[in-house]
Every structure is written in C-alpha cells, then in structure tokens.
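What's counted below: heavy atoms across the whole structure, side chains too, no hydrogens, waters or symmetry copies. In listed order, ligands and their atoms are each counted from 1. In what follows, residues are counted from 1 in the order of the sequence shown.
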Amino acid sequence: MSLNILFAAKSERWTEYEPHLRHWMAEAGLEGRLAPDLGPAEEIDYIIYAPNSGLLDFTPYTRLKAVLSLWAGVEDIVDNETLRVPLTRMVDNGLTEGMVEWVLGQVLRHHLGLDHMRAQQSGAWVPRVPPLARNRPVTVLGLGALGAACAQALAALNFPVTGWSRSPKTVEGVTCLSGPEGLEQALARASILVLLLPLTPGTDTLLNAAHLDQVPRGAVLINPGRGQLVDDEALLDALESGHIAHATLDVFRTEPLPPEHPFWAHPAVTVSPHVASETRAETASWVIIENIRRDVAGLPLNHVVDRQRGY
Ligand code: NAP
C-alpha cells in the first residue's frame, strides 16, 4: 500500500524530522510519499501534526485515518469538530528524559538553595546547610507519562514524593493520591509543588487562591505543565505575601510572555521560555512511524487521546 503522509508542523521542523521519519518508514517497510505539501487533501492518509502549523480545518481530508500529534499537550486540537478520526499524542522517551532532567534541575536548585548561595557571594562566609532530600516533601500533580517519570526520579533521590492524578494510580516509591480529598492532602504536603497536568476543563485554573492557600507557607512552585493551570493574580498575591517563596514557570497563559507581564520583573519568579522539554525528532520519529505501522497492520494505535476527557 502506498501512503500519503502529510507533515503539518512549522516549516523549520521539516529538515530536522525528514531523515528520521524516512529512516523509520524504511525500517517499518512503509512505502509512499511524506512531505509538508502533498497536493490534494483528499489523498492524505495520515497527518503528522503540530497545532502551530496553522492547519485547523480537517474537513477536506476525506481519506484521513489518523492525526498524530508531535506535542504531548493536545488542548488546541482536542475540541476541533472538523477532526473525525483518531488523534494520538506524543509519548516519547526523549520528551520524558528532557522533562525529568528539567524538573530534577529545578527541584535541586531550590532544595540546595543555589540562588541564595550566589546572592550571598559578597565576601561574607554564611554557611546555610540544606536539609537532606528525605526531609523535603515534593508533590507532583499529574502522574501521566511525564509526571510519573519525574515523581520516580525524585523518589530515587530520596525526596518523599506524593503524586496526584484523576484516577487512582500505583507508582513505585511514590505516595499516590487522587480525587478532591487527595488534592487537599497532596497540596498540604508540598514543600515543592510540580505541575504536570494537561490543560482540560477539569484542570483549568486548578491552582487558584484557595488551593495555593493549602500549600505550606514558603513552598516553591514549579510549573512545566500549562500556564492556564495557575491563577496568575492569585500566584502574584501568594508571592507578595511570602506564602509561595518562589515560582519557576516554564509555561504561561500567553506565550511568548508579554514584556509588560509582572512575572518578568518579579524577584521571586523564574521565567523559563517553554523549554522544559521539547519533542525530539531523533526519538519522536519512531513513535510516529510505529503508530502508522500499527494502524496499517490493523493494530490499535498507541496513545490515543480521549476526546471526552480532553487528554
Ligand atoms: P498524560 O500522560 O496524559 O498524564 C496526565 C496526568 O494528569 C494523568 O496522571 C492524569 O490522571 C492527570 N489528570 C488529568 N486530568 C486530571 C484532573 N482533572 N485531576 C487530576 N489529575 C488529572 O500527560 P503527560 O504526557 O504526562 O503530559 C502532561 C502535560 O505536560 C501535557 O499535557 C503538557 O501540557 C505538558 N508538557 C509540557 C512540556 C513543556 O515543555 N513545558 C512538554 C511536554 C508536555 P490519570 O492518570 O488518572 O489519567
């Protein structure tokens, strides 16, 4: 069977992805055309997709079998009513490794007080010994592909880790909670709070004033999930009062973060320009082609988005 696979992502990504996608197509024995422009929409079988490609109307793609997202977060496409075929999201070792490294780095920065050390470098010898990880409880909201991996990596460093998800979960070395009462407990334990939830109607502005209030005074917030998970005004208030000691934010309600946004100049905010983890062509190309191979072979697709649930 000869396939037509459309690469619908920012044009600069094509040169990066093309050799890897072609390599894995050949390995999988898949034949056909693969390009960012393939002519008539009604001849396309699969779309490799990024929401910032500009493709929003799937109506003309009458032969389409699936849309394969290069992104883990699918909030920009999940409600698209013109999309009537399965949508898969990105779950990939490279993406997970990147997130684990970023989260561990941010947690250790705050845990070890690295900023304080640098700020104290004025000739005064002021030792401030950090507690052991075993005495620094970390909470991870979201125990999916990324949250569970981060929670386990933190637990491996001896942090007491609590994780929270929609449905009950078991993650080795992690105290797993779920549901509204689980959230209350998870927040109450967080001396460092990591957000790795998807953006859905159920998680939108989850970290509001009331929930921020449930976090112990002096806690640190690390958000590589989505900006809309957090009420910005409530966070700024919590930072002003010292209830939250620092926020390291990788994602924002508006990206790029507007120059006038108070997060930029706030001394207790670290702005990270949505770089916590990027989908890597090197590893993600196999994930995409493997899914097409499975579909062609009549096997179920991996990582299908539940459109009702929103992730
Ligand atoms: P995932 O595998 O779909 O996991 C999502 C987790 O969130 C699951 O544990 C899920 O619970 C939980 N969850 C969803 N809705 C919930 C709710 N209403 N209440 C409680 N828990 C809820 O997602 P992932 O691959 O780990 O990715 C998570 C998010 O990270 C993505 O959606 C994206 O927004 C973000 N991300 C950011 C970057 C970056 O560079 N900053 C990179 C990649 C991804 P269940 O386990 O019960 O389903």
Side-chain angles (χ1 to χ4, degrees), residues 50-52 68-79 87-106 139-154 161-171 174-187 190 193-208 211 221-230 247-257 270-281 283-284 287 302-311:
N52 61 3
L68 307 123
S69 172
L70 289 170
W71 294 10
V74 288
E75 67 275 9
D76 290 338
I77 186 185
V78 77
D79 287 337
L87 166 68
T88 65
R89 58 184 215 93
M90 183 50 65
V91 177
D92 159 55
N93 289 342
L95 188 66
T96 304
E97 280 171 41
M99 187 59 81
V100 167
E101 290 171 19
W102 190 89
V103 167
L104 286 191
Q106 302 304 333
T139 289
V140 182
L141 301 188
L143 283 177
L146 302 177
C150 291
Q152 281 195 297
L154 289 162
V161 183
T162 302
W164 182 70
S165 53
R166 194 180 48 84
S167 55
K169 287 251 129 41
T170 308
V171 179
V174 176
T175 304
C176 295
L177 303 171
S178 59
E181 27 353 288
L183 178 60
E184 209 173 304
Q185 285 181 54
L187 292 174
L193 178 64
V194 181
L195 305 186
L196 271 168
L197 293 161
L199 175 61
T200 70
T203 63
D204 198 337
T205 322
L206 184 93
L207 207 60
N208 54 21
H211 285 147
L221 172 68
I222 298 175
N223 184 16
R226 280 293 181 263
Q228 289 87 338
L229 299 174
V230 178
T248 296
L249 309 172
D250 184 59
V251 283
F252 303 90
R253 286 179 177 263
T254 305
E255 292 182 8
L257 184 65
T270 299
V271 172
S272 162
H274 203 145
V275 292
S277 193
E278 172 98 346
T279 305
R280 321 272 163 156
T283 52
V287 176
N302 289 324
H303 319 306
V304 176
V305 172
D306 180 331
R307 309 273 300 272
Q308 292 290 101
R309 238 173 34 177
Y311 68 99

List every atom of ligand 1 that sits less than 4.0 Å from any heavy atom of [X], numbering the atoms from 1 in the order shown and giving each element.
X: Ser277; result: 39 (C), 40 (O), 42 (C)
X: Gly202; result: 18 (N)
X: His274; result: 39 (C), 40 (O), 41 (N)
X: Gly73; result: 32 (O), 33 (C)
X: Gly142; result: 6 (C), 7 (O), 9 (O)
X: Leu196; result: 28 (C), 30 (O)
X: Arg226; result: 33 (C), 34 (O), 35 (C), 36 (N), 37 (C)
X: Met99; result: 37 (C), 38 (C), 39 (C), 42 (C)

I need the nearest protein heavy-atom contact for [atom]: residue, atom name and distance, please.
atom: atom 11 (O) of ligand 1; value: Arg166 N, 3.2 Å
atom: atom 10 (C) of ligand 1; value: Tyr311 OH, 3.5 Å
atom: atom 8 (C) of ligand 1; value: Gly144 N, 3.6 Å
atom: atom 35 (C) of ligand 1; value: Gly225 O, 3.5 Å
atom: atom 12 (C) of ligand 1; value: Leu197 CD2, 3.8 Å
atom: atom 47 (O) of ligand 1; value: Ser167 OG, 2.5 Å
atom: atom 7 (O) of ligand 1; value: Pro198 CD, 3.3 Å
atom: atom 1 (P) of ligand 1; value: Arg89 NH2, 3.2 Å

Of the side chain and backbone of [X], name the one, both, or neither that has a heavy atom under 4.0 Å from an atom of ligand 1.
X: Glu278; result: neither
X: Val251; result: side chain
X: Leu146; result: both
X: Glu75; result: neither

Ligand 1 N/O within reach of [X] N/O, cut-off under 3.5 Å:
X: Val275; value: no
X: Leu95; value: no
X: Leu143; value: yes
X: Lys169; value: yes

Just wondering, do [Y] and [X] contact through their side chains at under 4.5 Å, heavy atoms?
X: Pro224; Y: Leu196; result: yes
X: Arg309; Y: Arg166; result: yes
X: Leu193; Y: Leu141; result: yes
X: Val171; Y: Val161; result: no
X: Leu187; Y: Leu207; result: yes

query = So which of Thr203, Thr200, Leu206, Val140 gets nearest to atom 16 (C) of ligand 1, if we judge by its closest heavy atom?
reply =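 Looking at heavy atoms only, Thr203 sits closest to atom 16 (C) of ligand 1.
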
inquiry  = For Leu199, state whether at least one heavy atom is located under 4.0 Å from any atom of ligand 1.
reply    =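 Under 4.0 Å: no for Leu199.
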
query = Applying a strict 4.0 Å limit to heavy atoms, is Trp71 in contact with ligand 1?
reply =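 No, that is not the case, since the closest heavy atom of the residue is not under 4.0 Å from the ligand.
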
task = Please determine, by modelled atom types, if Thr283 and Asp92 share a side-chain donor-acceptor pair under 3.5 angstrom.
result =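 Yes, side-chain donor-acceptor contact under 3.5 Å.
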
task = Give a yes or no answer on whether the side chain of Thr203 reaches the backbone of Leu229 with a donor-acceptor pair at less than 3.5 Å.
result =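 Absent.
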
